> 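Once you've had a glance at the structure underneath, I'll fire off some questions.
In what follows, every chain begins at residue 1, and chains take the letters A, B, ... in the order their sequences are listed. Predicted, not measured: the structure shown is a model, and the values here were computed from it.
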Amino acid sequence: MDSAHASYLGLLNHAQRQAVEHPPAVPLQILAGPGSGKTKVLTSRIAHLILHHGLPPSSICAVTFTNKAAKEMRTRLQTLLGKDRVGELKMGTFHSLCARFLRKYAHTIGLSDNFSICDADEAKKIMTQLLKKYRELLAKKDMTIREGLVMSKISQAKAKGITHINFLEEVVRKYQGVSLEDMNPLELQEKITAEVYQEYETLLRKNNALDFDDLLVYGVKMFKEWRAAVAWCQHILVDEFQDTNIIQYDLMRTIAHKGCVTIVGDPDQSIYGWRSAEIENLNKMKRNFPGTCEVLLEENYRSTSAVLRLSLAIIAEDKNRIQKSLHTSHPAGKTPTLRSCSTETNEAAFIAVEIKRLVAYTGGLLQFEDFAILLRFNALSRVIESSLQKEGIPCRILGGHRFFERLEVKDLLAYLQVVDNPDFYPAFIRAVNTPSRGVGEKTLLEIASKAEQCRISHLAFIERIFDGTAPDIKPPAKRKISSFVQTIRALRDLAQKKSSAADIIQQLIKAIDYKEYLKRTQNDWESRWANVQELINFATEVTTDAQNRNAASSETPLRFFLQASSLSSEGDNDGTDATNNKVTIATCHAAKGLEWPVVMIPSVEEGTFPFARNDDVEEERRLLYVACTRAKGLLFLTHTCRRMIAGQQKDVDRSSFVENVISKYPVKLSLSIII
DNA sequence: GAAGCCAAACTTTTT
DNA sequence: GTTTGGCTTC
């Protein structure tokens, strides 16, 4: 044990060591600035809990912000603990943790264990349907209501633990005696949201589906009502605590065993307020867990002091922030560059040429994979991508068009979802006519009403037609749906036999001749076909992962795969891509927790930083701070004077975030301004 | 009744 | 650039 001690404790500085050795039963907050080694502290603390305090690995729960972060921690812990023990640790996002236990204990709160996870896309489509009946009323008032807005209101409500019943009651009370006609647009919007929230919930339950927020809502419910589900927990660690919302906090409290709680966070890096994250949770924890101690990690091991100074100058402008320091023993390094460009095309060209120049100038010491371009939003990537392409610079886009949202992936997943959960209508509707079988809107409506009458799923109903146990419907559909029913049945057989997800997908592709379908309907079928192959790779990887982790064997491999694909933040192709030597393009949000030798941030302008549609200016400032602190050595901020915004050329000013910094620290920062 | 084609509108951040 | 909606053709 002592040699193991030396291996991880010896590598820590004083504050880090204090955090790791902090008594397990005393609640702990680790406030960790960027690059202060928080992952190292977290993994070391987990190792310490096991090796020094003798906690069984299976009694420790570590919650990360993304599944990728969990994976990273797993890898790091394997050298300290070995594969077996790491496999027993309960690690993942709040969502994946809930999903995992809901599968096991669904029955305790009246759910079926084969529930589907409804993604944002599907939820939005459902909402569009539900909002249709309000169209006329809204048109009369000369207003429209966007499903995205309603969904975010519902999501916010769920994040605060407000059920559709609470929501509706509140609205009814508020607008008692006011008719729809007399309401102003905002009131009407609230009223409609309340009504639709209710219908949305009913519909999801009928579909045997949970949306992302439901995973947390029902997770809390289950853990509260079925305490046996958390009997294993002796310590919970939560990473990125500044970005947890109310229900996630509630979840943490529910799972936590007495005071055995460790959280890691940094108020300065709170960038998910729009997802109902509450910095207040830090204070709440101090109240709810008496005796909570605090350890500050203030030494930055990532960046040069020049990068750090600029970053700190930016964040210091937030007058309400909790004062913290961050220092580094690294040398000053190169002064960050602030570059003005006339147009976005010039800006993109500058970025591309500069990358090429630096690679050549350093004689290959810097490679493409050492560069990251961090954007406020994805749409900014277009010009930059094409300019990189022009210069022959390879790039990868982190979380741009997300892998599991591609149509070819969704098509195949729809079939698998139907196989696992026939009640999940969004999947049924997609699969039944892909490839086109001549089953259109009218036919589907007829199927829906007949299925409703028999109180069975749509799939079960067309199976009856196929078997001849129910009469065919008005536009004869028996012939059209027969290949579909046969395919589903074949896949269902495979699933029940516990075939691997990869095998099932292969069979599916063959059965519906999906490659031919892609060729026929998509110009870029080749890259789409490559994604299909990637999906199969993902399925194989997930299966091996599950085997390594001795996952519950009662579950079919298919269900395990479906869950992994719903909750996966991005294609797990980053492992292969990293070795491909490519420039990374990512949003600032997606860059959280990552680092690169060179970081470039375009569009440092009013309207982008801060983004025009975010009322919380301080959060926007923190976002720029997060982006800047990703840089180890070189940092470039660029901005233009004119930019296309939603199809219109507009004059734009340099971001006030840097404007203030330049005027207040002109000498210290000495940004090289090249025009 | 379904599918395919063209014009128009819309673009924050994500589990 | 991408998705949606309306229109025409099969």
Side-chain angles (χ1 to χ4, degrees), chain A residues 63-70 92-99 117-121 123-125 128 144 146-149 151-152 155 158-159 210-216 219 240 243-245 247-248 251 270-277 374-383 385-386 398-402 404-407 433-446 473-477 480 520-521 524 563-570 586-592 603 607-616 619-620 622-624 626-627 644-648:
Chain A
V63 183
T64 53
F65 195 71
T66 60
N67 286 304
K68 198 168 137 202
T93 60
F94 276 116
H95 292 85
S96 69
L97 195 73
C98 285
I117 297 167
C118 183
D119 70 23
D121 238 40
K124 223 171 155 183
K125 276 180 194 155
T128 311
T144 53
R146 279 199 310 263
E147 59 283 346
L149 187 85
M151 280 313 304
S152 78
S155 178
K158 287 186 180 180
L210 300 180
D211 67 17
F212 284 123
D213 301 303
D214 285 339
L215 288 174
L216 307 180
E240 307 283 8
D243 286 323
T244 53
N245 59 32
I247 196 156
Q248 288 169 332
L251 201 51
S270 159
I271 53 176
Y272 281 87
W274 52 275
R275 227 171 73 182
S276 310
L374 303 183
L375 314 171
R376 178 59 187 83
F377 48 91
N378 284 310
L380 289 172
S381 74
R382 218 174 298 147
V383 200
E385 272 177 72
S386 61
L398 215 79
H401 196 93
R402 309 187 84 71
F404 290 98
E405 274 156 31
R406 292 166 191 276
L407 96 110
N433 205 31
T434 308
S436 322
R437 298 187 173 91
V439 181
E441 206 185 345
K442 287 287 151 73
T443 310
L444 281 169
L445 263 160
E446 187 66 17
I473 48 177
K474 259 192 271 159
K480 293 174 177 171
R520 204 168 66 238
T521 55
D524 55 344
Q563 178 155 315
S565 59
S566 305
L567 298 176
S568 160
S569 27
E570 65 218 63
T587 61
C588 299
H589 284 88
K592 179 160 136 167
S603 193
T608 307
F609 287 103
F611 188 71
R613 283 171 59 181
N614 189 351
D615 297 328
D616 189 347
E619 178 161 299
E620 294 291 311
R622 292 192 294 269
L623 191 54
L624 185 60
V626 167
M644 274 281 253
I645 297 162
Q648 290 214 312

> Looking at C:dG1, B:dT15, B:dT14, which one has an atom nearest to any side-chain atom of A:H589?
B:dT14

> So, is A:N433 near the phosphate of B:dA2, with a side-chain N or O under 4.0 Å from OP1 or OP2?
no

> Starting at the 5' end of DNA chain B, which residue's closest nucleotide do you reach first, A:F212 or A:R146?
A:R146

> Considering only side-chain heavy atoms of A:K442, which listed nucleotide, B:dT13, B:dA2, B:dT11, is closest?
B:dA2

> Can you tell me which nucleotide in B:dT14, B:dT11, B:dT15 comes closest to the side chain of A:W274?
B:dT14

> Between A:V439 and A:L623, which residue's closest nucleotide on DNA chain B lies nearer the 5′ terminus?
A:V439

> Give the nucleotide from the list B:dT11, B:dT14, B:dT12 with an atom nearest to the side chain of A:F377.
B:dT12

> Kindly point out which of B:dG1, B:dT15, C:dG1 is positioned nearest to the side chain of A:T443?
B:dG1

> When we call it a touch if two heavy atoms are under 4.0 Å apart, what does A:F65 touch: a base, just sugar-phosphate, or nothing?
sugar-phosphate

> Between A:D213 and A:S155, do the side chains contain an N or O donor and an N or O acceptor separated by less than 3.5 Å?
yes

> With respect to the side chain of A:S436, which nucleotide from B:dT15, B:dT13, B:dA3 is positioned closest?
B:dA3

> Give a yes/no on whether any side-chain N or O of A:T587 is located under 4.0 angstrom from OP1 or OP2 of B:dT14.
yes

> Ignoring hydrogens and angles, does a donor from either the side chain of A:R613 or the base of B:dT12 sit under 3.5 Å from an acceptor on the other?
no

